[in-house]
Every structure is written in C-alpha cells, then in structure tokens.
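Read the structure below first, then the notes.
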There are 2 protein chains.
Amino acid sequence: MVTDSRTRLVEAAQQLFAQQGVSATSPRDVLAASGVGQGSLYHHFPTKHDLALAAVAATAAETLEAARGRLQGDAAPLDRVVAYLERPRDALGGCRVGRLTADQAVVDDDGLRAEVAGYFTGLIDEVAAVLRETGLDADAALDRARACVAIIQGGYVLARATQDPELLRSAVRGFVALLTGPATA
Amino acid sequence: MVTDSRTRLVEAAQQLFAQQGVSATSPRDVLAASGVGQGSLYHHFPTKHDLALAAVAATAAETLEAARGRLQGDAAPLDRVVAYLERPRDALGGCRVGRLTADQAVVDDDGLRAEVAGYFTGLIDEVAAVLRETGLDADAALDRARACVAIIQGGYVLARATQDPELLRSAVRGFVALLTGPATA
DNA sequence: GTCTATACGAGGATAGAC
DNA sequence: GTCTATCCTCGTATAGAC
C-alpha cells in the first residue's frame, strides 16, 4: 500500500523539524520533501500549526516509547539507567524533542509545548520509577531522574556547540561515574 | 554621553537574540528596539550576519566573564563549583548562549558557532581547573566539568519544556547530591 | 482529495538624498 | 553617519477548477 498524503506530510515534517526546527521549516519545505501538492497540504492541515502539532506529537510519542523500551528490562535497575544514558546518540543532530524548547514559537504555543512537556515528564517519571527500585526515596529519585534527563540534553548542547560528539559522551561519563559511585570510579 | 548607534544596535540585538534567537530576529526588529534608523544599521553592519557576530561575541564574552568571577574565589574549590551550579538563573528564559545551539543557522555558520564553542570550552576549562584543585586527576576533572556545564544546560531545557523553573533547580539538586557525595546526602 | 494560480505581508537588503 | 524610499524573494496562506 502506498503511503497516503497525510502520512507522507507528517513524516516529512517530522524529519524537517528534527533538522531545522519548527519555525525554520516552511510549508513549502514540507511540500517539496513529501512530494505532495499544495492543495493536499491545506486540505489535511488547514494551517501550519495543525501540521506542526501532528508532527511534534508523533515525534514525542515515538521517542518516549523508545526510551521506555530501554528502561524496562531484566537487568538491574541502575544498569538499565546507565544503559539508557550511555546509548549511542546522534550528538550533532541534537535531541529531536529537546531542541524544540529553544524555539520560542514552540514554547509560546500551548499545544506544541504540551507535547514537549509530556515527553519530558513521561521520561522523568520512567527514570524515577527505575531509580526507586534501587531503594532511593521518592524525592531523591525525582531529583536524580531529572538530573539524568538533563545531562543528556546538556550533553547535546555541548556537542552541537563544539561540533564534537565526544562532549556528550564525556559529560555522560562524568555523570555516570558519580551515579555509580566510588566503587566503579 | 549618549550611547552611539553602533552600541545601541548591538545591545538591542543581544537582547532580542536572548529572547527569540538569531534566526527569528529580523533587522527590522533590531531597528525598532534600538530606535536607530535603517541607514545606520546597514552603515555599521553591512549584513545581518555582521551584526549577529558582534552581538553573539559580546554576549558570550560577558557571560563567560561572569562565570569566571563566580568560580574564582576564596572558598573551597568544591564549594565554588556548587555555588556556581546553584546560582539563581532565569530558568524559563534559557541560557543566552546555550539556546543558540538549537538554531541550525548558528551552528552552520563557522563564525557564530566559534563564539558559542569558545564560551563553552572556556567555561569547561575553568570548572575543570577548579575541580583539579580538589585532587581529581585531569581526565576525570574534564568529564566531571563537562557534566557540570551540561547539567545546567539540560536543566534549562527541562524548565522551558515544562514552563517550570523548579525542574532546573531539581536537576541541579540531584546532581549536586551526587557531586558532594554521601557525606552531604 | 488533489492541482494550479494568485495574494499579501515580512525578511533582508540596496539606492540615493541629506 | 543617518534618513526615506524602494526592491525582490520567501513564508503562509486562499481561490477555484478537476
């Protein structure tokens, strides 16, 4: 079955948003990338905002699902968190969701921001739940889970700023050393 | 002495870049904010790029200087790092320098990116130097310094995504607890 | 549902007078 | 050095036929 126009539009938008952000991506860009015609776009999505919402929601959902898969497994809780932190990432590309927070138009839009916020709170909750399995109390687990998620987002920033993927890995290494304690240092 | 046009243009650009990013700020925005006329802008800065370079360089230099001030003091090394991490920040506004890394136009421009990269490498070096004072070896200090800088950048991302400054503070708290060890936990 | 054609303001810059 | 006027392209749609 040939993918329908609507799906092609959303997938093209997701890709372009990941590369250039939402504001920097024009409906014309999406048309060109998807190979769909002008009329189709505005038939399925009356405004750019409608398309953006569909694309951002899809990306947030996919990304959160992938993370959940990694965090739920048979390994020891702390090992799962470390595996999540150390997983290979497209450091120079940045986080497909996190990067959107620098786009003021996204943050100012309640619908778009809700998708981004949902991704992060979902991810933090998941990490916090795993950390509680290690015996950490709820408050400490929440702070630590937020630190885990933040270290990845910050690592992306450093890697992009310097155009060097090593800075993400190095920041994670520094964090993991603290997280796993002197035993592993 | 009345501030001259050139200075007013750069300062207006710095402010607008901090609020909206570089790509999202038009020369017209800068004109309106500075109160300077069209001709003056293009007299001092032949292109938007020239203005952007001046403004980003100024912001990076100011921000790095401020951080250096905090990290060099009489307190114990680790206390200075913790004080740097816990300093009050405009969490919802984001880092004036770090946010620029999500702007593809900035990352793709060698001149602009060099300013941003210089800020981060300078900051990391500074933090790493302080950490070495604690007796940490050079490699571990570098990883840990990068983690310190990343946690702040990531905290900004979480705070902006959720529109809740507490997420930056919470991530820092989680990280500082690890950094200062079980003694303080 | 999809296409082509058209509209209109904003972004980025140039021209030329003062 | 600064001002006003003008230019051209792109972003974001709308109109109306097929």
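The chains referred to below are lettered A, B, ... by the order of the sequence lines, with proteins before strands, and numbering in each begins at 1. Everything numeric in this text was worked out from a predicted model, so none of it was measured. No hydrogens, no waters, no symmetry mates; every other heavy atom, side chains included, goes into these values.
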Quick one: side chain to side chain donor-acceptor pair (under 3.5 Å) pairs with a partner in residues 35-47 of chain B, sequence neighbours left out?
-> B/Thr47-B/Asp50
Salt-bridge criterion met for B/Arg8 and B/Glu11 (N-O under 4.0 Å) | no
How large an angle, rounded to 10°, do the end axes of the helix from C/dG1-D/dC18 to C/dC18-D/dG1 enclose when each is built from five base pairs?
-> 0°
Please answer whether the main-chain N or O of A/Arg160 pairs with a side-chain N or O of A/Gln163 as donor and acceptor at a distance below 3.5 Å.
-> yes
Should the heavy atoms of other residues, nucleotides or ligands under 6.0 Å from CD of A/Gln19 be counted, would the total exceed 12?
-> yes
Is there a donor-acceptor pair closer than 3.5 Å between any side-chain N or O of B/Arg99 and the backbone N or O of B/Gly93?
-> yes
Contacts of B/His44 and A/Tyr42 projected onto DNA chain D by closest heavy atom; the upstream (5') one is B/His44
Kindly indicate whether a cation-pi arrangement holds for A/Arg144 with A/Phe175, taking the cut-offs as under 6.0 Å to the six-membered ring centre and within 45° of the axis.
-> no
Could you tell me whether the side chain of B/Asp143 and the main chain of A/Arg173 form a donor-acceptor pair under 3.5 Å?
-> no
Between CZ of A/Phe45 and P of D/dT12 the distance, given in whole Å, is 16 Å
Find the distance B/Leu51:CG to C/dA13:C1' and express it as a whole number of Å.
-> 14 Å
Identify the two heavy atoms, one from A/Ala161 and one from B/Val116, that lie closest to each other, and give their separation to 0.1 Å.
-> CB-CG1, 3.8 Å
Sub-4.0 Å heavy-atom contacts from residues 102-110 of chain B onto DNA chain D, ordered by number | none
Without swapping roles, check the side chain of B/Thr59 against the backbone of B/Val56 for a donor-acceptor pair under 3.5 Å.
-> no
Backbone N/O of B/Leu71 and side chain of B/Arg80: donor-acceptor pair under 3.5 Å = yes
What is the distance, rounded to the nearest whole Å, between atom CG of B/Leu9 and atom C1' of D/dG1?
-> 12 Å
Rounding to a whole Å, what distance do you find between A/His43:NE2 and D/dC18:C1'?
-> 14 Å
Return the set of residues passing side-chain hydrogen bond (donor to acceptor under 3.5 Å, both in side chains) with B/Gln72 (not counting sequence neighbours), or none when no residue passes.
-> B/Glu126
Can you give me the N/O atom pairs linking the protein to nucleotides 3-5 of chain D at distances under 3.5 Å, or say none if there are none?
{"residue": "D/dC3", "atom": "OP2", "partner": "B/Gly37", "partner atom": "N", "Å": "2.8"}
{"residue": "D/dC3", "atom": "OP2", "partner": "B/Ser40", "partner atom": "OG", "Å": "3.3"}

From CG (A/Leu41) to OG (A/Ser5), nearest 0.5 Å | 9.5 Å
If only side-chain N and O atoms of A/Ser5 are considered, is one of them under 4.0 Å from the OP1 or OP2 phosphate oxygen of C/dT2?
-> yes
Mind calculating the distance between CG (B/Leu31) and C1' (C/dG12) to the nearest angstrom?
-> 11 Å
Indicate yes or no: does B/Glu86 engage B/Arg169 in a salt bridge with an N to O separation below 4.0 Å.
-> no
Expected rows: protein N/O vs nucleotides 7-11 of chain D N/O, under 3.5 Å:
{"residue": "D/dG11", "atom": "N7", "partner": "A/Arg28", "partner atom": "NH2", "Å": "2.7"}

So does B/His49 get a side-chain nitrogen or oxygen closer than 4.0 Å to the phosphate oxygens (OP1/OP2) of C/dG12?
-> no
